[in-house]
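For reference, the structure discussed in these notes is given below.
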Amino acid sequence: SAVISQKPSRDICQRGTSLTIQCQVDSQVTMMFWYRQQPGQSLTLIATANQGSEATYESGFVIDKFPISRPNLTFSTLTVSNMSPEDSSIYLCSVSLMNTEAFFGQGTRLTVV
Amino acid sequence: AQRVTQPEKLLSVFKGAPVELKCNYSYSGSPELFWYVQYSRQRLQLLLRHISRESIKGFTADLNKGETSFHLKKPFAQEEDSAMYYCALSLHNFNKFYFGSGTKLNVKP
């Protein structure tokens with residue numbers, strides 16, 4: 001299994017600012033994933049964070065809005081840039097081991113005012 | 001493109017009644033299907049996966065490729081089963097998961 005820690009657990013931010021979310025895993029993993037869960041909706045994959053290369057973004061998500069870093073095999077950050085109220089969501093970090101199961105962090109609850 | 005559909009947003013049953021949470025998927029390849037559960041104030045966690053053919057907490061799910069379905073069933077619901085349930089599809093070798101919109105199960109005493 002994998003234990004994932006996310007920081008911060010929640011934040012309230014002013015529109016137009018940026019927030020960086022950190023994700024730490026207790027084991028080395030090749031790929032890390034970032035999801036968004038908007039109020040009352042399901043999890044939507046934002047991007048795959050690859051160590052040593054640029055992140056791969058899903059349709060509808062762009063690097064300028066959601067820049068991602070992956071400096072090593074146990075850590076990644078997701079930045080939500082130039083925030084608007086529509087960015088209010090829970091952001092989740094996830095890893096998958098041996099293509100069998102996905103493990104999730106507790107999530108970061110972001111409120112943009 | 002891959003898609004997972006859970007038609008019911010909310011399902012309410014009485015304790016001891018049978019439960020079936022529906023899940024349909026669309027994907028041109030051979031997907032791996034999962035059910036994830038999120039109890040109140042807890043993180044999302046795996047309930048079961050189709051390749052294991054296992055029963056967890058009394059829940060089972062059978063992959064029906066003809067109907068492209070992966071419904072979750074339990075013969076006798078318990079109050080502690082109340083939670084959000086997400087059906088998910090994983091693309092082979094890609095490790096990415098695509099989730100349905102979720103079904104909130106409410107088991108009444």
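In what follows, chains are A, B, ... by sequence order, proteins preceding strands, each numbered from 1.
- Checked by atom type and distance alone, the side chain of Arg43(B) pairs as donor or acceptor with a backbone atom of Ile4(A) at under 3.5 Å.
- Using a 4.5 Å cut-off between side-chain heavy atoms of Ile, Leu, Val, Met, Phe, Trp and Tyr, with links allowed through other members, Val4(B) and Met84(B) fall into the same hydrophobic cluster.
- Other residues, nucleotides and ligands contribute only 12 or fewer heavy atoms inside 6.0 Å of the CZ atom of Phe14(B).
- Summarising the geometry, atom CG belonging to Leu44(B) is positioned 11.5 Å from atom CZ belonging to Phe103(A); distances are rounded to the nearest 0.5 Å.
- There is no path of hydrophobic side-chain contacts, each under 4.5 Å, that joins Ile46(A) to Val95(A).
- Taking a 6.0 Å sphere around CD of Glu54(A), one finds it holds 12 or fewer heavy atoms contributed by other residues, nucleotides or ligands.
- When hydrophobic clusters are built by joining Ile, Leu, Val, Met, Phe, Trp and Tyr residues whose side-chain heavy atoms come closer than 4.5 Å, directly or via intermediates, Tyr35(A) is not grouped with Leu19(A).
- For Phe99(B) and Phe33(A), the gap between ring centers reaches or exceeds 6.0 Å.
- Side chain of Tyr98(B) to backbone of Thr44(A): no donor-acceptor contact under 3.5 angstrom is found.
- Across every non-hydrogen atom of Ser42(A) and Ser101(B), the tightest pair is CB-CA, 3.3 Å.
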Without placing hydrogens or testing angles, list every side-chain donor-acceptor pair under 3.5 Å for residues 60-67 of chain B, not counting sequence neighbours.
from: Asn64(B); atom 1: OD1; to: Gly66(B); atom 2: N; distance (Å): 3.0
from: Asn64(B); atom 1: OD1; to: Glu67(B); atom 2: N; distance (Å): 2.9

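- Within 6.0 Å of the NZ atom in Lys73(B), the count of heavy atoms belonging to other residues, nucleotides or ligands does not exceed 12.
- Residue-level contacts of residues 102-109 of chain B with chain A do not occur; threshold 4.5 Å between heavy atoms.
- Atoms CD and CZ, from Gln106(A) and Arg41(B) in turn, are 10.5 Å apart once rounded to the nearest 0.5 Å.
- Legend: residues meeting side chain to side chain contact (heavy atoms under 4.5 Å, CB included) with Gln37(A), ordered by chain and number and at least two apart, are Leu43(A), Ile90(A), Leu92(A), Gln38(B), Tyr86(B).
- Residues Leu78(A) and Met83(A) are members of one and the same hydrophobic cluster, defined by side-chain heavy-atom contacts under 4.5 angstrom among Ile, Leu, Val, Met, Phe, Trp and Tyr.
- A heavy-atom distance below 4.5 Å is not found between the side chains of Ser94(A) and Phe97(B).
- Neither the backbone nor the side chain of Gln45(B) comes within less than 4.5 Å of any heavy atom of chain A.
- Side-chain heavy-atom separations under 4.5 angstrom define the hydrophobic clusters, and the remaining members of the one that includes Ile12(A) are Val113(A).
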